[in-house]
Peer 1: 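Just passing along the structure, written as C-alpha cells.
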There are 2 protein chains.
Amino acid sequence: MKKVKLSDIAKMAGVSSITVSRALSTPEKVKADTCEKIQKIAQELGYIPNLMAKGLKSRSNTIGVIVPTIINPFFASAVKSIIRSANKTGYNCLFFTSDESQKIEQNAVNTLISYNIDGIIIAVISEDENYTPAYFSTLEKLHVPVVLLDRHIEAPHICGVYLDNVDSGYKLGKEVLLNNYQRVLIVSGSANSKVANSRLAGLKMAAEETHSNTIIDVIKADFNTQLAKELVQDYLSQHKPDAIIGLNNQITLGALEASVSHHYQLGADIHFYSIDEITTAKHFGISIPCIRHDVEEFGYHAVTQLIRAIESEQCDKLSDIIIRGTVVK
Amino acid sequence: MKKVKLSDIAKMAGVSSITVSRALSTPEKVKADTCEKIQKIAQELGYIPNLMAKGLKSRSNTIGVIVPTIINPFFASAVKSIIRSANKTGYNCLFFTSDESQKIEQNAVNTLISYNIDGIIIAVISEDENYTPAYFSTLEKLHVPVVLLDRHIEAPHICGVYLDNVDSGYKLGKEVLLNNYQRVLIVSGSANSKVANSRLAGLKMAAEETHSNTIIDVIKADFNTQLAKELVQDYLSQHKPDAIIGLNNQITLGALEASVSHHYQLGADIHFYSIDEITTAKHFGISIPCIRHDVEEFGYHAVTQLIRAIESEQCDKLSDIIIRGTVVK
DNA sequence: TTGAAAGCGCTAACAG
DNA sequence: CTGTTAGCGCTTTCAA
C-alpha cells in the first residue's frame with residue numbers, strides 16, 4: 001500500500017488538496033464542518049504528512065542537535081531535555097553525535113543542512129578556546145541560527161547556554177575547604193580548555209578567600225576518564241591527598257579508579273568532590289559532594305533561545321544564558 | 001545567501017542539472033573530465049545536497065532508530081554502534097527516544113514515516129510479551145522493514161537481533177554456583193517479560209544441573225532501578241544472602257543501593273552478579289562478574305539485517321540473530 | 001471560504 | 001555520455 005497523501009483525502013472529501021492542507025495545519029481558515037469532515041477522513045486513513053515535501057516548500061520545524069557523545073550522562077540528559085522541550089513547542093529534533101571527531105562533526109552539520117533544519121544546538125567537539133570549525137561561516141551565510149551548548153566558542157553572533165563555571169569552582173572550593181584537609185588534589189581539564197580554566201579559577205578564588213593552610217596540587221588532564229586515571233595514579237605514588245576534586249564527571253571517575261588501584265578506601269582514606277554529578281555513586285554507597293546543574297533548565301533555555309532566533313529571524317541578537325549549579329552533598 | 005543547488009553548479013559548469021546530479025552521485029555515468037570539473041565547482045561553492053528534495057523522488061538512504069532511553073548505557077552504546085555501522089554503509093540515522101511512553105513511541109514512528117525513512121530499528125517500550133503496538137501494521141502496509149532490537153514481539157514477518165537470554169542466565173548461574181554460597185537472591189524483571197523469564201530459566205537450568213544446596217530466592221521486580229531497590233530492601237530486612245544476581249544492569253544498581261542502605265559491604269558481605277555489564281563498577285573498585293554482550297556486534301547485525309531487507313525489498317524473509325554473551329569477571 | 005497554478009530541488013525514464 | 005520532461009507531495013500566491 002502506498003502512503004496516504006493529501007490528494008487521497010481530498011478525493012474522498014470532495015475538495016481540493018489545498019483545502020485538506022489547510023484543514024490539517026490551519027483549521028481556522030476552513031469552514032468548521034468541512035474541516036471536521038476532512039480531519040475525520042484523515043484520521044481514518046491514518047494520514048501521516050510527508051515532511052520531505054513540506055520541508056521543500058516551507059520551514060521544516062525541525063532543529064538539529066549535536067553533542068560529542070551520549071555515553072557521558074551529562075550530554076545524555078541534556079539531549080533528553082532538549083528533545084522534550086522542542087517537542088513541546090512543536091519542533092522535531094534530529095540528533096547526531098560527533099563522537100569526538102571533527103570530521104564527523106562537520107558531516108553531522110552538513111547532514112542537518114541537508115535536512116533543511118531551522119536551527120542547530122551544538123556542543124562542539126573541543127574544549128579548546130581557539131577551536132573555530134569551518135561550518136560556522138556556512139551556517140551564518142545560510143542564516144541558520146546556532147545555539148552553543150556548554151562549550152564556548154569565540155564568535156560574536158552566536159549565542160549559547162553555558163554553565164557558570166567560575167561559580168561552580170568557587171562553590172565546590174568553599175565546600176571542600178570547610179574540612180581543613182591537609183592536602184587536596186585538583187584534577188583539571190586540558191590547559192587550553194576555557195571551561196576547565198574557569199572552574200579552576202573559581203576554586204582558586206575560594207582558596208584565596210579562605211586563607212586555609214591546605215596544600216593544593218593541580219594536575220592538568222583532559223575531560224576524559226583515561227588520562228585522568230593515569231595521571232592520578234602517578235600522583236598517588238608520590239603523595240597521599242585527603243581529597244580529590246574532579247573538574248568534570250569523567251575526570252572524577254578516573255580519579256576514583258586510580259585511588260582504588262592504590263587500595264585506598266573511597267570516601268574514607270580519600271574524599272571525592274566533583275563538578276557534575278556522579279549519578280552512579282549513590283548505588284555504591286559513596287558520597288561525592290558535587291555541583292549539580294539543572295539539566296532540564298539547560299535544555300529548556302537552549303531550545304527557547306534557538307526558537308526565538310528562528311522565529312524572529314535575528315540570529316545575532318540573542319544573549320547568552322548562564323546556568324548556575326548548586327552544591328549537593 | 002541562499003543554498004547552493006544543482007542548477008547553480010550546472011550553470012557554472014555549462015551543463016544541465018541532471019549531469020551535475022550524476023557527476024555527484026553516479027560519477028561513472030559522466031565523462032571523466034566533465035565529472036572532475038563539476039566536482040571541483042561543487043566543492044568550491046560548498047554544495048550540500050538537499051535531502052528533502054532527494055527523498056521526495058527516491059529512497060532517502062535514512063534509517064530510523066528508536067530506543068526507550070539513552071540514560072541506560074546499554075542502549076546508549078547500542079545506538080552508538082548502530083549509527084556507526086549505518087554511516088559506514090552510506091545510511092544516515094534519525095534517532096528518537098520513546099522515553100518509556102507508548103504515545104511518544106507512536107509519535108516517533110510517525111515522524112520517521114514522515115521523513116520517508118527506508119527502515120526502522122526499534123527497541124520497543126515494553127518487555128511485555130503481549131505488547132503489540134498499532135504502528136506495526138502501518139509499517140507493514142507501507143513496506144517499511146523493521147528490525148527489532150533486544151525486545152521480542154510476536155509478529156511473524158518481523159526479524160530482530162536479540163540476546164541469547166537463556167544462555168546468559170545459564171552461564172551466569174554456573175559462575176555463581178561455583179562459589180557454594182548458602183543463599184542467593186535473584187532479582188528478575190517483571191513476570192510477563194520474556195527477556196526476564198528466559199534469563200531466569202537459564203539460571204534455573206544451571207541450578208538444576210549443579211545439584212547444589214544453595215538456597216535460591218527469586219524476586220520479580222522490573223527492569224528499572226527503583227522497584228528493584230525497594231524490593232531488595234524489603235528482602236534484606238528478612239534475609240541475608242551471600243550473593244545477589246541482577247537480571248539487568250538497572251536491577252543490579254538497585255540491588256547495590258539497597259545493600260548499601262542495609263550497611264553491607266559490597267563485594268564482601270554480599271557479592272554481586274549481573275546480566276549486562278555495570279560499567280561504572282570498576283571505578284568504585286567493586287568487581288561484579290557479569291554477562292557482557294558485544295554491543296558493536298549488536299549494532300552491526302541490526303543495521304546489516306535492516307539494509308538487506310531494504311535493498312532486497314523482502315521485509316519478511318530475514319532470520320533472527322541471536323547474540324551470545326560472555327562471562328566477564 | 002475555496003481552488004488553480006506554479007514551483008520547492010532533485011532524479012527516473014526516456015531520448016538524443 | 002548528456003539533455004528534456006515530468007513529477008515526487010506539499011504549500012504559496014493569486015484569483016474566484
Peer 1: Give the rounded distance in Å between these two atoms: CG of A:N50 and C1' of D:dG9.
Peer 2: 6 Å

Peer 1: Less than 4.0 angstrom between a side-chain N/O of B:Y47 and OP1 or OP2 of C:dG9, yes or no?
Peer 2: no

Peer 1: Whole angstroms only, please: what is the CG-C1' distance between A:D33 and C:dT1?
Peer 2: 11 Å

Peer 1: I need the CG-P distance between B:L51 and C:dC10, as an integer number of Å.
Peer 2: 10 Å

Peer 1: Let me confirm one number: the NZ-CG distance from A:K3 to A:L45, rounded to the nearest 0.5 Å.
Peer 2: 14.5 Å

Peer 1: Under 4.0 Å from OP1 or OP2 of D:dT11: is there any side-chain N or O of A:S21 that close?
Peer 2: yes

Peer 1: Starting at CD1 of B:I9 and ending at P of C:dT11, how long is that distance when rounded to a whole Å?
Peer 2: 11 Å

Peer 1: Would you give a per-nucleotide map of nucleotides 1-7 of chain D, 5' to 3', where B means the base has a protein non-hydrogen atom under 4.0 Å away, S means only the sugar-phosphate does, and - means neither?
Peer 2: SBBB--B

Peer 1: As a test of reading the structure: which of C:dC10, D:dG9, D:dT12 is closest to the side chain of A:K5, going by heavy atoms?
Peer 2: D:dG9

Peer 1: In whole angstrom, give the distance that lies between atom OH of B:Y115 and atom P of D:dG9.
Peer 2: 18 Å

Peer 1: In whole angstrom, what separates B:I38's CD1 from C:dT11's P?
Peer 2: 13 Å

Peer 1: Has the side chain of B:S21 got a donor or acceptor atom that lies under 3.5 Å from a matching backbone atom of B:S17?
Peer 2: no

Peer 1: Taking it one step at a time, do A:H293 and A:F298 satisfy ring pair (Phe, Tyr, Trp, His ring centres under 6.0 Å)?
Peer 2: CA-CA 8 Å; A:H293 296 98; A:F298 209 62; 7.8 Å; no

Peer 1: Between atom CZ of B:F223 and atom CG of B:N72, what is the distance when rounded to the nearest 0.5 Å?
Peer 2: 10.5 Å

Peer 1: Assess the residue pair A:S114 and A:T111 against the criterion (side-chain hydrogen bond (donor to acceptor under 3.5 Å, both in side chains)); give the C-alpha distance rounded to whole Å, side-chain angles, the decisive distance to 0.1 Å, and a yes or no.
Peer 2: CA-CA 5 Å; A:S114 288; A:T111 308; 5.6 Å; no

Peer 1: Does this structure show an ion pair linking A:R84 with B:D99, if we count only N-O contacts that are shorter than 4.0 Å?
Peer 2: yes

Peer 1: Measure across B:I104 and B:S98 and return the closest heavy-atom pair with its distance rounded to 0.1 Å.
Peer 2: CB-O, 3.5 Å

Peer 1: Nearest whole Å is fine: how far is D:dT11 C1' from A:N61 CG?
Peer 2: 13 Å

Peer 1: For the NZ atom of A:K54 and the CG atom of A:N116, what is their distance to the nearest 0.5 Å?
Peer 2: 11.5 Å

Peer 1: Answer yes or no: does atom OH of A:Y300 have more than 12 heavy-atom neighbours from other residues, nucleotides or ligands under 6.0 Å?
Peer 2: no

Peer 1: Between C:dG9 atom P and B:I48 atom CD1, what is the distance in whole Å?
Peer 2: 14 Å

Peer 1: The helix from C:dT1-D:dA16 to C:dG16-D:dC1: angle between its terminal axes, five pairs each, to 10°?
Peer 2: 30°

